[in-house]
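The structure appears below as structure tokens.
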Amino acid sequence: MHYPEPISKLIDSFMKLPGIGPKTAGRLAFFVLDMQEDTVLDFAKALVDAKRNLSFCSVCGHITDVDPCQICQDKQRDGSMICVVQDPKDVIAMEKMRDYNGLYHVLHGAISPMDGIGPEDINVPSLLTRLQDEKVEELILATNPTIEGEATAMYISRLVKPSGIVTTRIAHGLPVGGDLEYADEVTLSKALEGRREL
Ligand SMILES: [Zn+2]
């Protein structure tokens, strides 16, 4: 189908979002045309602001608008525990659960030799630096229950073991191959509670 260029551009933009095919993108584009101009401007500004004003915490790697992030700065939190996750979205999932009061470390990926991703390509070096500086007693490895996530947890566990820090892995019960971010709060809470030492 031939659209005027501004519309086809808008459709192409929506198609860059995950899970949006041409049909949905078309529907969203025409929906935007029907929106009030103010609403569209606010929407566009929210997109740009989110991108411009957010960066990654220099300590934990979580997404933030202040550095260090609010979680790292929070003195009420238990600094003896660090929960290691793959993605900022996992931190948000953990925080929604409200059962965890420790700190986080976001790897931004997992070790995957097949894709040429080694420990140096994700936030493993910064984790090791952090473990030297801080009074960490337990490292909770909450990487995804995928081959890469498991391999990453095992790798970090072996690396950290000589330091005397306890490494635990969150329990199964999370859907295998699934992402942490999609687990519901009860499942996630149980997975955390049932973590076992590696
Ligand atoms: Zn942080």
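Please read these numbers as outputs of a predicted model, since none were measured by experiment. For ligands, and for the atoms within them, numbers begin at 1 and follow the listed sequence.
- Proximity of M97 to D99: side-chain heavy atoms (C-beta onward) are separated by under 4.5 Å at one or more points.
- By the neighbour-count criterion of 12 heavy atoms within 6.0 Å, atom CD1 of I92 is densely surrounded, having more than that number from other residues, nucleotides or ligands.
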List the atom pairs, with distances to 0.1 Å, where a side-chain N or O of residues 30-47 and a protein N or O form a donor-acceptor pair under 3.5 Å, not counting sequence neighbours.
unit_1, atom_1, unit_2, atom_2, d
K45, NZ, D49, OD2, 2.7

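- I122 places a side-chain heavy atom less than 4.5 Å from the side chain of I117.
- Scanning for ring-ring contact (aromatic ring centres under 6.0 Å, His included) contacts around F56 gives H108, with sequence neighbours left out.
- For A110, the side chain to side chain contact (heavy atoms under 4.5 Å, CB included) test picks out Q86, E148, T152, with sequence neighbours left out.
- Shown are the protein N/O/S atoms under 2.8 Å from the Zn ion (ligand 1), given by residue and atom: C57 SG, C60 SG, C69 SG, C72 SG.
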